[in-house]
Amino acid sequence: MVIHVDGGSRGNPGPAAIGVVLSAPDGTTVDELGERIGVATNNVAEYQALLRGVQHAAQLGAREIELVNDSELVAKQLTGAYKVKHPAMRPLHAEAIEALKAFDSWRVRSVPRAQNARADALVNEALDGLR
């Protein structure tokens, strides 16, 4: 399953939301969600989106996942290329690593925002009160 995730806040920190699009390998959308998560930083929102997407994929029975986001920081922290320096981010990172252990395989890649457009739109719809 391919999971496009995005998180964002208006202000940093500020009102925050997440967007998640779950797709079959052929690109068919399986499910999507966008929701507010309260006040958070952009990076916290990115991790919350990833966690929500991973949890939802597990509920749907996915065994192999590809995470796609537009946060190079989160992607590189998950693969170990970057250290998690900010104390507030460490528990989210640990939770994500633990959640990923439920899958037979996983990978993560960061893409430009334009290639993550639907997840980004879901974030903005949630922040605008449209979801």
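Considering all non-hydrogen atoms of both residues, L127 and A17 come closest at CG-CB, 3.7 Å. Counting all heavy atoms, side chain and backbone alike, A57 lies closest to I65 at CB-CG2, 4.1 Å. R90 and V84 make their closest contact through NE-O, 3.2 Å (heavy atoms, listed as atom of the first residue, atom of the second, distance). Taking each heavy atom of A88 and P91 in turn, the nearest pair found is O-CD, 3.6 Å. Closest of all the heavy-atom pairs between S23 and T29 is OG-CA, 4.1 Å.
The hydrophobic clustering, which links ILVMFWY residues whose side-chain heavy atoms are closer than 4.5 Å, places L73 and I37 apart. When the side chains of ILVMFWY residues are joined at heavy-atom separations under 4.5 Å, either directly or via intervening members, V111 and W106 end up in two distinct hydrophobic clusters. Linking ILVMFWY residues whenever their side-chain heavy atoms come closer than 4.5 Å, directly or via other members, leaves Y82 and V74 in distinct clusters.
Between the side chain of N69 and the backbone N or O of S71, at least one donor-acceptor pair lies under 3.5 Å. With S9 contributing its side chain and G11 its backbone, the two residues share a donor-acceptor pair below 3.5 Å. The backbone N or O of L67 lies less than 3.5 Å from no partner atom in the side chain of R109, so there is not a single donor-acceptor pair. The main-chain N or O of D70 is never found under 3.5 Å from a side-chain atom of R113 such that the two would form a donor-acceptor pair. Judged purely by atom type and a 3.5 angstrom limit, N124 uses its side chain to pair as donor or acceptor with the backbone of D120.
Side-chain contact between V2 and V68 is present, with heavy atoms from C-beta onward closer than 4.5 Å. Side-chain contact check for L50 versus L78: some heavy-atom pair is nearer than 4.5 Å. Inter-residue side-chain proximity for L22 and E32 is flagged as unmet; no heavy-atom pair is nearer than 4.5 Å. Taking the side chain as every heavy atom from C-beta outward, E98 and K101 approach each other to under 4.5 Å. Using a 4.5 Å heavy-atom cutoff, the side chains of L92 and L51 are in contact. In this structure the side chain of I18 never reaches within 4.5 angstrom of the side chain of D6, judged on heavy atoms.
When each of R52, H93, Q77 is paired with Y47, the side chain to side chain donor-acceptor pair (under 3.5 Å) condition holds for Q77 and for no other.
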Quiz item: side chain to side chain contact (heavy atoms under 4.5 Å, CB included) between V20 and H4: does it pass, once the steps are laid out?
Solution: CA-CA 6 Å; V20 177; H4 285 259; over 6 Å; no

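Side-chain N/O atoms of N43 and H86 include no donor and acceptor closer than 3.5 Å.
Distance check: K76 NZ to S110 OG gives 7.0 Å after rounding to the nearest 0.5 Å. The CD1 atom of I3 sits 10.5 Å away from the CD atom of Q55 when rounded to the nearest 0.5 Å. For the atom pair Q48 CD and E95 CD, the distance stands at 7.0 Å (nearest 0.5 Å).
Counting heavy atoms of neighbouring residues, nucleotides and ligands inside a 6.0 Å radius, atom CZ of R107 does not exceed 12 of them.
Remark: R36 does not engage D128 in a salt bridge, criterion side-chain N to carboxylate O under 4.0 Å.
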